[in-house]
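These notes concern the structure reproduced below.
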2 protein chains.
Amino acid sequence: MSTRIQTRNRQRILEAALDVFSANGFRGATLDEIAKASGLSKPNLLYYFDSKEAMHRALLEQLLVVWLAPMRAIDPKGDPHDEIIGYMRRKLQMSRDYPRESRLFANEVLQGAPRLGDAIAGELKTLVDDRVAVIQDWVKAGRLRPIDPYHLIFSIWALTQHYADFDAQIRLIRGDSDPMAGSEEFLDMLFDRLLSM
Amino acid sequence: MSTRIQTRNRQRILEAALDVFSANGFRGATLDEIAKASGLSKPNLLYYFDSKEAMHRALLEQLLVVWLAPMRAIDPKGDPHDEIIGYMRRKLQMSRDYPRESRLFANEVLQGAPRLGDAIAGELKTLVDDRVAVIQDWVKAGRLRPIDPYHLIFSIWALTQHYADFDAQIRLIRGDSDPMAGSEEFLDMLFDRLLSM
DNA sequence: GTCTATAGTCTGATAGAC
DNA sequence: GTCTATCAGACTATAGAC
């Protein structure tokens, strides 16, 4: 019943699976690679997870919680400008801290979200719709200048995730120095100008 | 020697290959799918292209020309504000006209640019470095407010390509109406504010 | 040029010894 | 719980008839 070892091995597998899935997408990933990366045998992987699908599903589920946290943290009672900039900063920090998770998500959506469609159409859409309403209320109350809430949110996603998802391109163009150097100052300035009255 | 049929079949194959590679990445794509999508048999595919790799390479090569054209068209002698906004608009139009090409490129970069690394480090970097210098000259001449040229370019890429690459997500959140509706007005406004003195 | 047939390899998943 | 051995199917690519 040594659940300690089980938990640890499941964690090792998910860690390796995150590497492989985020670098190749679901179909491009192989159990052989995950086995090699985790140091466990292929049948042992399938002792802990029923299938390749199940591994991927486990990753996406634990990803969603972390992924949506920055948006959940937007406070309708806060200052509109600070709340939006704060959201953008938290999202940018996620690209810095969890680039593989960002690429896992990007791969999934890029390939039509076949395994994440329900979560996007459900949990994420509900959250976005709610925050869109908050932004619209801010605009109506005259606390935020008129702006399209959907495109505002999309622009935050696009600008922050770009640094994780297109990391390879940025490195090749800028050289191997920190690809995100200067991004926070730039995005602070950009959103400050975007939101100012 | 009926080169007409050859050219037409090569085109049919590349058309089908673009569908499959852009939807699944290189490793996730299969010749069976490309064969089915093109209406040709699998061995026939390999009569026209030496390998799966060769097909992918052909797509990337013809992509690069189209892909870099909007940036090449930036005129150092033009008005800085208009040139940058014009570049952004051309890039956005590419997302509208060539979403599959955008996703093909995104898949490739997302997965570490294993087959496009040389072109990015060579042709693209050269072009970017040149345009960065142009922007810096504009700033020095006082014709453009001080701004980080690299992050400016990355922000254009991120914001415009997002609509093609994350199309599935946007559709699920906004419903099946045109996912790009309002994007041009929003981005016009955003970059106008970003660049204004 | 296009096909069927198939070689040879890799894939996800299972059986069974320990 | 973990392994070796192995299955059935899918994979890229080739051979050879037409």
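Quick caveat: nothing in here was measured; it's all calculated off a predicted structure. Sequence lines set the chain letters: A, B, ... in the order given, protein chains first and strands last, and positions in each chain run from 1.
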Polar pairs (N or O, both sides) under 3.5 Å between protein and nucleotides 9-12 of chain D?
from: dC11(D); atom 1: OP2; to: Asp32(B); atom 2: OD2; distance (Å): 3.2
from: dT12(D); atom 1: OP1; to: Ala29(B); atom 2: O; distance (Å): 3.4
from: dT12(D); atom 1: OP1; to: Leu31(B); atom 2: N; distance (Å): 3.3
from: dT12(D); atom 1: OP1; to: Lys52(B); atom 2: NZ; distance (Å): 3.2
from: dT12(D); atom 1: OP2; to: Leu31(B); atom 2: N; distance (Å): 2.9

Worksheet item: Are Tyr163(B) and His151(A) close enough that their ring centres sit under 6.0 Å apart?
Response: yes

Taking only side-chain nitrogens and oxygens of [X], does any of them come within less than 4.0 Å of OP1 or OP2 of [N]?
X	N	value
Tyr48(A)	dT2(D)	yes
Ser41(A)	dC3(D)	yes
Asn44(B)	dG1(C)	no

Fill in: Lys/Arg N to Asp/Glu carboxylate O, Asp32(B) vs Lys36(B), below 4.0 Å
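No salt bridge links Asp32(B) with Lys36(B).
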
Fill in: Arg100(A)/Glu15(A) salt bridge by N-O under 4.0 Å criterion
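Looking at Glu15(A) and Arg100(A), the cut-off is met.
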
Practice prompt. Look at the rings of Trp157(A) and Phe154(A) and say which category their plane angle falls in: under 30° parallel, 30 to 60° tilted, over 60° perpendicular.
Written response: tilted

Worksheet item: Between Phe21(A) and Phe26(A), what is the ring plane arrangement, given parallel below 30°, perpendicular above 60°, and tilted in between?
Response: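 Geometry flag for Phe26(A) against Phe21(A): parallel rings.
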
Worksheet item: If you group Ile, Leu, Val, Met, Phe, Trp and Tyr by side-chain heavy-atom gaps below 4.5 Å, do Leu104(B) and Leu110(A) land in one group?
Response: no

Worksheet entry | Residue list, side-chain hydrogen bond (donor to acceptor under 3.5 Å, both in side chains) with Asp129(A), at least two apart or on another chain |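 Asp129(A) satisfies side-chain hydrogen bond (donor to acceptor under 3.5 Å, both in side chains) with Lys125(A), Tyr150(A) once adjacent residues are dropped.
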
Fill in: Bend angle of the helix from dG1(C)-dC18(D) to dC18(C)-dG1(D), end axes from five pairs each (to 10°)
10°

Discussion item. Checking contacts here: which listed nucleotide (dC3(D), dC3(C), dT2(D)) is nearest the side-chain heavy atoms of Pro43(A)?
Written reply: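 The nucleotide sitting nearest to the side chain is dC3(D).
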
Fill in: Proximity to the side chain of Gln6(B) - top-ranked nucleotide from dG1(C), dT2(C), dT2(D)
dG1(C)

Rounded off to whole Å, could you give me the [atom1]-to-[atom2] distance for the [X] and [N] pair?
X	N	atom1	atom2	answer
Arg12(B)	dG1(C)	CZ	C1'	13 Å
Leu45(A)	dT14(C)	CG	C1'	14 Å
Glu33(A)	dG12(C)	CD	C1'	14 Å

Worksheet item: Do any N or O atoms from the side chain of Glu83(B) and from the backbone of Asp75(B) form a donor-acceptor pair under 3.5 angstrom?
Response: yes

